[in-house]
Amino acid sequence: MDQPSTLVHVAIPRPLHTLLSYSVTAGEIPAVGVRVAVPLGKGVSVGLVLGVEAVAADSESEFAIKPIQAVLDTEPLADAHLLALLEWAARYYHCPLGEVIFSALPAALRKTKPLSKAMQRLLKPAAQPAAIAVEPDNALQLTASQQACLQSIQTWNAESTPRPVLLHGITGSGKTEIYLRLMTPLLAAGKQVLVIVPEIGLTPQLLTRFAHFFAEIPTVCLHSGLSDGERFKAWLRARSGQAQIIIGTRSAIFTPAPSLALIVIDEEHDASLKQQDGFRYHGRDLAIKRAQMLAIPVLLGSATPALESLYNVQTGRYRYLRLEQRPGSARPPALQVQDTRPFELQAGLTPDTLQALRNTLLRGEQAMVFLNRRGFAPALYCPSCGWQADCAHCSVKMTWHARRNRLVCHHCGAEQATPTECPSCKNPQLTTQGQGTERLELLLQNHFSGFPVVRIDRDSTSRKGELEEKLSAVRTNEPLILVGTQMLAKGHDFPNLTLVVIMDIDHALLSTDYRALERLGQLLVQVAGRAGRATKAGQVILQTSQPQHPLLQQLVGQGYTPFAKQLLEDRARWSFPPYGYHALIRASSETLEPALRLLEFIAERLKASEQVIQCLGPVPAPIEKRANRYRAQLLLGSKQRGALHTALDFLLAGGVKLRGCSGVRWSIDVDPVDFS
DNA sequence: AGCACGCCGACT
DNA sequence: GTCGGCGTGCTC
């Protein structure tokens, strides 16, 4: 008897570029979006059902179709919208769909284990939350410009297919207030709002504001500090519609939210929105895609918008709002460039800078010295023979950490005891070179005895609660000096902080990475924004040996917008993003040659695609060796996004294999932001 | 990614 | 004569 039977097409978390098909028995046909356990090779794998197809029982098949092993869920984990987003992302980033899907699901769902009864129950559709009266906080009055901003956004968002809005608001201009006010009516109507932030641990003040303002609204936070179980529970609460505010880092963009009505991307320029390994998506770009698919508004906020976003404003794809003034009497800080060349430096600081620090402390105010380099010194060398402490596994110098008296590689984590003499010539007098936050802390402690020096970096805050401890010391508003890295750049508001010193920006001014200047400009503006946030005027000192650099001059003299405009003109001249599109193919192997050879082969295949694209390279990566692997890269550029994608599809369809390149690992990075 | 199959060097 | 090296290819 030829009875019809049923096939399911399943995405598997492996680098397969196709779905696999399995048979199911009539009584257990799973719905699309349900997980199944399937036999794979000799083993068993989890998979997600993406298609169900009735076929004639006698239909021929290329393969021996195996039956699924078990249906794992009673309810679909992802709805059609989310699956469409993931399918789009897999195509756009040229990442296998199964890997995309399972990296978007909480880790608890990547196992071939059925959920407990309790968890199954939580997957059932829940009733929409009842409308809640959100109490307007009368203590919080919007300024006239905030009010005008809010009004514009609300008018625009009422359109049937709203365009993304870029809210360009200087530090302290009150972007958060706009977010809160925009969210209020939606939450009151029982809707959900997704808020994406760069790194949750670094934006505690944003979380506190939300918690106070929306005390009665169920909220979940999705960040790296959660255990698998906690993350899964938060995901379930969002999926049920019960949690109305979902705050999280980039991966939160994949959280199911049945009544999603708004997406907010805070610090939309931030590089941490781009995933740097595996499925290399951009959180902001997927947010815009998701919002577009759902026809809901999306708001991008930043004091220093990404060049891409400013360009999208120019072309009319985004709308733009500027929030200029700081509430109250706060004025923007005065920026001053300090030429380091004529001076003898102490731990990298000029005499003028030290004097400015002293004056600040004597006025009873706080100062911050920003140096994006951990450890005591970034190099240890022998003055007699020239030997230097290199990492055995990477092509970088090791950093000397004084407190632990160890040499540490900041790229692979390798550590070793500090040698007591030169391993090459036995000279017992090894010397350090360059500045790190540890050395800066020590110098400042000696120089300003009687005033506390608080160092905040990954090394000084590794213990749980240590960061909060240090921050609360700063919040006493007593005169002190803060020393720190990137960790200090955003999210903290110190009312008595009036001086910010920024060190070591030369490498970014001289970098060959075309994004380095954009990032430097953003960082300078963000860090400068720490100064003078309350009623006191702020001062910012930039130390550099390149004070005449035209773009630095422009940034200091005219501000971020003209600086960004100039950078955009430079990008246009070279057809660099956003005027052209890039994809970076990286390869690594135990020696450099096979990686280069494979990329050479790939470059040739791409040429055979007959698409209008440029290949730059292959060349060794800027950090040629990392964790014992040699790295090379091939940059692809095109003025047509479509040509680039067609070429990459052609490459993947043909398969990439070359004899003698067996140990080469390679990957595609669409819209790369990091070229190291 | 795993995990097999498949041809060339040092062992009971 | 075999055990096993990891190069190559497949997974419905």
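Letters go in sequence order (proteins before strands), and every chain restarts at 1.
Rounded to whole Å, atom P of C:dG9 lies 5 Å from atom NZ of A:K657. In this entry the distance linking CZ of A:R665 with P of B:dG2 reads 12 Å, nearest Å. When rounded to the nearest whole Å, the span between NE2 of A:H9 and P of C:dC12 equals 15 Å. Taking atom CZ on A:F102 and atom C1' on B:dA1, their separation rounds to 14 Å, with Å as the unit. The CZ atom of A:R110 sits 14 Å away from the C1' atom of B:dA1 (whole-angstrom rounding). One interatomic measurement links the two molecules: CD1 of A:I65 to C1' of C:dT11, which rounds to 12 Å at whole-angstrom precision.
Qualifying ring pair (Phe, Tyr, Trp, His ring centres under 6.0 Å) partners for A:F675, counting only residues two or more places apart in sequence or in other chains: A:Y514. Residues satisfying the ring pair (Phe, Tyr, Trp, His ring centres under 6.0 Å) test with A:H411, not counting sequence neighbours, are none. Scored by the ring pair (Phe, Tyr, Trp, His ring centres under 6.0 Å) test, A:Y281 finds A:F254, A:F279 as partners (sequence neighbours excluded).
A:L635 CG to A:Q614 CD: the interatomic distance, rounded to the nearest 0.5 Å, is 9.5 Å. Here CG of A:D270 is found 10.0 Å from CZ of A:R250. Values are rounded to the nearest 0.5 Å. For the atom pair A:N628 CG and A:H393 NE2, the distance stands at 5.5 Å (nearest 0.5 Å).
Relative orientation of the A:F576 and A:W574 rings is tilted, given thresholds of 30° and 60° on the angle between their planes. Ring orientation note: the planes of A:Y311 and A:Y579 are nearly perpendicular, at an angle over 60° on the 30°/60° scale.
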Could you walk me through whether A:D674 and A:L584 pass the side-chain contact (heavy atoms from CB on, under 4.5 Å) check? CA-CA 10 Å; A:D674 185 15; A:L584 188 70; over 6 Å; no
Show your working on side-chain contact (heavy atoms from CB on, under 4.5 Å) between A:L206 and A:V197 and close with a plain yes or no. CA-CA 9 Å; A:L206 184 86; A:V197 295; 3.4 Å; yes
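Within a heavy-atom distance below 4.0 Å of DNA chain C, the residues of residues 15-28 of chain A found are A:L16, A:L20, A:S21, A:Y22. Less than 4.0 Å separates DNA chain C from at least one heavy atom of each of the following residues of residues 37-55 of chain A: A:P39, A:L40, A:G41.
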Check the interface with nucleotides 3-7 of chain C: list each N/O to N/O pair with the protein under 3.5 Å, or write none.
none

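Scanning both residues, A:P378 and A:K397, for their nearest heavy atoms gives O-CB, 3.8 Å.
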